[in-house]
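Worksheet for the structure shown next.
Ligands are counted one by one from 1 in listed order, and the atoms in each one are counted from 1 as well. These numbers come from the heavy atoms of this one structure, side chains and all, not from hydrogens, waters or symmetry mates. In what follows, residues are counted from 1 in the order of the sequence shown.
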Amino acid sequence: MMVAGVRGIGMTSARTRDRLMQRLKEQGIRNPAVLNAIRSAPRHLFVDEALASRAYEDTALPIGLGQTISQPFIVARMTEALLEDGVPEKVLEVGTGCGYQTLILARLVPQVFTVERLAALQQRARRTLNDLKIRNVRFKHADGNWGWPQHAPYDGILVTAAPEEVPATLREQLAVGGRMVIPVGGAGGQDLLLVTRTDGRNYTRKSLDRVSFVPLLEGTE
Ligand code: SAH
């Protein structure tokens, strides 16, 4: 088991984290609750020990199995967009990965449902969040292209891997008024979209940024 206090020495210093906060603010992150959630999240617990000294740099880092932990700025940007109209009660996250974005969501919204297609990552994320005493997250090992229909509709959906198009199944699991933040496009880079469900049939979409995510794949491993 990891002991947060021990592994954290030197890497959780107030100065290191203040520097990250400063950078996020300079890049335009405004929501104080989001900034605070990132400030208090022990990101070093989500990366390999060999990379822990870089955990509070504003960069993506490898987490094994060809996947990455998202850059703090992107996590902040996506979370801020999801919360812009108020705090959603129920949020679905597709692409748990190491669980860092999951932790940020868990500290800001009442209920989080998170789906990951790689069993090994899913289990590790579950353990890490359990060690952090996070109790408002439910995990599922599944292909997130299908969402998690049993708990739909969701007030928010956050997708952290990129499909070529917004999956219709995910859109349909949004509540009316619900918001989805999702990177859409190919390997060369994607548009980060905010998709809002305006009524039973209609959605609006707005482009927020250019981003670079791993692809949303099919099936489970
Ligand atoms: N949210 C993570 C970053 C995840 S990287 C963080 O906080 O750092 C993207 C993740 O999406 C990877 O773990 C990948 O395995 C997963 N993924 C890709 N396609 C998926 C799918 N169809 N369903 C669920 N997860 C998927």
For the student: nearest non-hydrogen atoms of Arg197 and Ala175, plus distance: CB-O, 3.6 Å
Can you figure out which of Arg117, Lys140, Glu116, His141 has its heavy atom closest to atom 16 (C) of ligand 1? Glu116
For atom CD of Gln27, decide whether the heavy atoms of other residues, nucleotides or ligands shown that lie under 6.0 angstrom number more than 12. yes
Spell out, as yes or no, whether a donor-acceptor pair under 3.5 Å connects the side chain of Asp48 to the backbone of Ile63. no
For Glu89, does the CD atom have more than 12 heavy-atom neighbours from other residues, nucleotides or ligands under 6.0 Å away? yes
Min N/O separation Asp143 to ligand 1 under 3.5 Å: yes
Heavy-atom count check: over 12 atoms from other residues, nucleotides or ligands less than 6.0 Å from Arg201 CZ? no
One finds that the ligand 1 atoms under 4.0 Å from a non-hydrogen atom of Tyr100 are 7 (O)
Can you list the atoms of ligand 1 that are under 4.0 Å from a heavy atom of Leu118? 15 (O)
Tell me, which protein residue and heavy-atom name are nearest atom 19 (N) of ligand 1, and how many Å apart are they? Leu217 N, 3.0 Å
Backbone of Val184 reached by a side-chain donor or acceptor of Asp191 within 3.5 Å: no
Less than 4.0 Å between a side-chain N and a carboxylate O, is that true for Arg17 and Glu57? no
Just which atoms of ligand 1 are under 4.0 Å from any heavy atom in Leu216? 19 (N), 20 (C), 21 (C), 22 (N)
Working note: Arg107 + Asn36, criterion side-chain hydrogen bond (donor to acceptor under 3.5 Å, both in side chains); need CA distance, chi angles, decisive distance, verdict. CA-CA 10 Å; Arg107 291 204 167 146; Asn36 197 43; over 6 Å; no
Please list the nearest protein heavy atom to atom 12 (C) of ligand 1 with its residue and the distance rounded to 0.1 Å. Gln67 OE1, 3.2 Å
Atoms in ligand 1 flagged as close to Ala161, the criterion being non-hydrogen separation under 4.0 Å: 11 (O), 18 (C)
If you scan protein heavy atoms around atom 11 (O) of ligand 1, the nearest is Gly95 CA, 3.3 Å
Sub-3.5 Å donor-acceptor pair from the side chain of Thr198 to the main-chain atoms of Asn202, do we have one? yes
Determine whether any heavy atom of Glu93 lies closer than 4.0 Å to an atom of ligand 1. yes
Looking at ligand 1, does Ala142 have a heavy atom less than 4.0 Å from it? yes
Shortest protein contact, atom 2 (C) of ligand 1 (heavy atom only): Thr96 O, 3.7 Å
Looking only at the side chains, is there a donor atom on one of Gln101 and Thr114 sitting less than 3.5 Å from an acceptor on the other? no
For Ile69, the ligand 1 atoms with a heavy-atom partner under 4.0 Å come out as 8 (O)
Establish, from distance only, whether the side-chain atoms of Asn145 and Arg117 form a donor-acceptor pair under 3.5 Å. no
In terms of atom number and element, which parts of ligand 1 are under 4.0 angstrom from non-hydrogen atoms of Leu121? 13 (O)
What protein heavy atom sits nearest atom 5 (S) of ligand 1, and how far off is it? Thr68 O, 3.4 Å
Looking at Val214, which atoms of ligand 1 are within less than 4.0 Å of one of its heavy atoms? 9 (C)
Please list the nearest protein heavy atom to atom 8 (O) of ligand 1 with its residue and the distance rounded to 0.1 Å. Ser70 N, 2.8 Å
Is a donor from one side chain sitting under 3.5 angstrom from an acceptor on the other, for Thr102 and Glu93? yes
So does Arg23 pair up with Glu26, basic N to acidic O under 4.0 Å? no
Name the closest protein heavy atom to atom 7 (O) of ligand 1, giving the residue it belongs to and the distance to 0.1 Å. Gln101 N, 2.8 Å
Could you identify the single nearest non-hydrogen protein atom to atom 9 (C) of ligand 1 and state the distance to 0.1 Å? Thr160 O, 3.3 Å
Option of least heavy-atom distance to atom 23 (N) of ligand 1 (set: Gly144, Gly97, Ala162): Gly144
Those atoms of ligand 1 less than 4.0 Å from some heavy atom in Pro215: 18 (C), 19 (N)
